[in-house]
Amino acid sequence: MPRRARIAGTGMSVGNRVVTNADMTQWMDTTEEWIEQRTGILERRWVDDTQKPSTLARDATLGALEQADLDVSDIDCILLATLSGEADFPGTAFFLHEAIDAGDIPCIDLRAQCSGFLYALQMADALIVAETYDRVLVVGAEVHSTGLDVSTSGRDVTVIFGDGSGAVILEATEAAGGAAPGLLSVRIHAEGKHAKRLWTEAPGSAHSPRLDQAMMEAGLHYPVMDGRFVFKHAVTRMPEVLLETLNSASVKMEDVDLFLFHQANLRINEFVAQKLEIPGDKIRNNIQRLGNCSAAALPILLAESSRDGSLSPGQVVSLTAFGSGFTWGSAVIRWG
Ligand code: COA
């Protein structure tokens, strides 16, 4: 019997501090209206000094294990997607490994920015279908707030980011035909020629030293983004890959019950929905409350949707993301 990977549990965790648009106006030349109108964001959650990426990831993981009624010892491998590593090395996955006492199972950091969760999902799916592992913990975890320029020079990037983590347990099932629950298809892409359109240059091993005072004065340790360029590519690539993925799974648009998009800008998601004529009641966004949590955005949406009943067994959910790299991807899952 062919194998399929299904999501057995979801969990999430966000920063303890609520940071409002009014807070932003205290630090930089901006207005609450500008942020709300251009991005849809009203507030985001940033970590306090008790939280790190691995504590967020731990809490999300424990939630996913509880929902799946599983124990840490049931997991065979950890894949953690992040762009905001807890240390230069080793990866955040190792700090999570310690935090959940994961014995000696392997763990891997995956760096594909805002599409990281979909990249990790494809890798985890392949590992399960190939019978390498039976259960893989897939996590997105980000702490952006400690690396943002909160002055006016960073205002375009800083207002959009939030801190959080989302986790899913992916496990093997015997696929009894097309109607069986699980991951139906994942498609991912990249275009490295645009890497510097959205990046943080330092610290990086292309520099020696990797970071010094002059580099800090030039702001090389802060993210920079060509916002309009990124926006234009996001609204083109997201519909493209969403359709490609549905086609590859032989799922029709009208058969999808819930569309979840990466949460970078509400306007991007509205564009995508309009282009594909997706009715508003089939879309869930949380950027208004949480900002852009990069690799954590999609698993957080999955956790929220599965917990409040907007996603129930047998329903079909489509996930789509676009991010730095550039990277983009989409997945379609029959829930249950
Ligand atoms: N408050 C007030 N004004 C701001 C501002 C802020 N927080 N940020 C930028 N501005 C100003 C700019 O300085 C510029 O002023 P100017 O016209 O005097 O030069 C003006 O607003 C327009 O800037 P621009 O960057 O063109 O704005 P935008 O409408 O493109 O919106 C983003 C900026 C970041 C919201 C938008 O480009 C975006 O969402 N891009 C894509 C993000 C994304 O998808 N990222 C991928 C995953 S992370």
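Starting from 1, each residue takes its place in the sequence as its number. Remember, it's 1-based here, ligands and their atoms both numbered in the order they're listed. Quick caveat: nothing in here was measured; it's all calculated off a predicted structure.
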Distance below 4.0 Å between atom 17 (O) of ligand 1 and any protein heavy atom?
no
For atom 27 (O) of ligand 1, the protein heavy atom that lies nearest, with its residue and separation
Arg38 NH1, 3.7 Å
Under 4.0 Å, heavy-atom basis, I'd like to know which part of Val157 is in contact with ligand 1: side chain, backbone, both or neither.
neither
What protein heavy atom sits nearest atom 24 (P) of ligand 1, and how far off is it?
Arg228 NE, 4.0 Å
Can you tell whether the side chains of Arg210 and Asp88 come within less than 4.0 Å, N to carboxylate O?
yes
Residue, atom name and distance, where the atom is the protein heavy atom closest to atom 7 (N) of ligand 1:
Arg155 O, 3.2 Å
Please list the nearest protein heavy atom to atom 47 (C) of ligand 1 with its residue and the distance rounded to 0.1 Å.
Cys114 SG, 3.6 Å
Applying a 4.0 Å heavy-atom criterion (strictly less than), which segment of Leu198 is in contact with ligand 1: side chain, backbone, both, or neither?
side chain
Residue and atom name of the nearest protein heavy atom (relative to atom 31 (O) of ligand 1), distance in Å to one decimal:
Trp34 CH2, 3.8 Å
Do any non-hydrogen protein atoms sit less than 4.0 Å from atom 4 (C) of ligand 1?
yes
State, yes or no, whether a side-chain contact exists between Val138 and Tyr119 at a heavy-atom distance under 4.5 Å.
no
Mind checking whether Ala234 contacts ligand 1 via backbone (N, CA, C, O), side chain (CB onward), both or neither, at a 4.0 Å heavy-atom cut-off?
neither
In the protein, which heavy atom is nearest to atom 38 (C) of ligand 1, and how far is it?
Asn265 ND2, 3.6 Å
Less than 3.5 Å apart, which donor and acceptor atoms pair up between the side chains of residues 284-304 and the rest of the protein, not counting sequence neighbours?
from: Arg284; atom 1: NH1; to: Asp308; atom 2: OD2; distance (Å): 2.9
from: Arg284; atom 1: NH1; to: Ser310; atom 2: OG; distance (Å): 2.9
from: Arg284; atom 1: NH2; to: Asp308; atom 2: OD2; distance (Å): 3.0
from: Asn285; atom 1: OD1; to: Gln263; atom 2: NE2; distance (Å): 3.0
from: Asn285; atom 1: OD1; to: Asn269; atom 2: ND2; distance (Å): 3.0
from: Asn286; atom 1: ND2; to: Glu304; atom 2: OE1; distance (Å): 3.2
from: Arg289; atom 1: NH1; to: Glu304; atom 2: OE2; distance (Å): 3.1
from: Arg289; atom 1: NH2; to: Glu304; atom 2: OE1; distance (Å): 3.1
from: Arg289; atom 1: NH2; to: Glu304; atom 2: OE2; distance (Å): 3.4
from: Asn292; atom 1: OD1; to: His262; atom 2: NE2; distance (Å): 3.2
from: Asn292; atom 1: OD1; to: Ser294; atom 2: N; distance (Å): 2.8
from: Ser294; atom 1: OG; to: His144; atom 2: NE2; distance (Å): 2.9

Please check if any side-chain donor atom of Thr92 sits under 3.5 Å from a side-chain acceptor atom of Ser54, or the reverse.
no
Which ILVMFWY residues can you reach from Leu211 by hopping between side chains whose heavy atoms are under 4.5 Å apart?
Met215, Met216, Leu220
Atom 45 (N) of ligand 1: which protein heavy atom is closest, and how many Å away?
Val230 CG1, 3.4 Å
Which protein heavy atom lies closest to atom 44 (O) of ligand 1, and at what distance to 0.1 Å?
Ile268 CD1, 3.1 Å
Is it true that Met225 lies under 4.0 Å from ligand 1, counting heavy atoms only?
yes
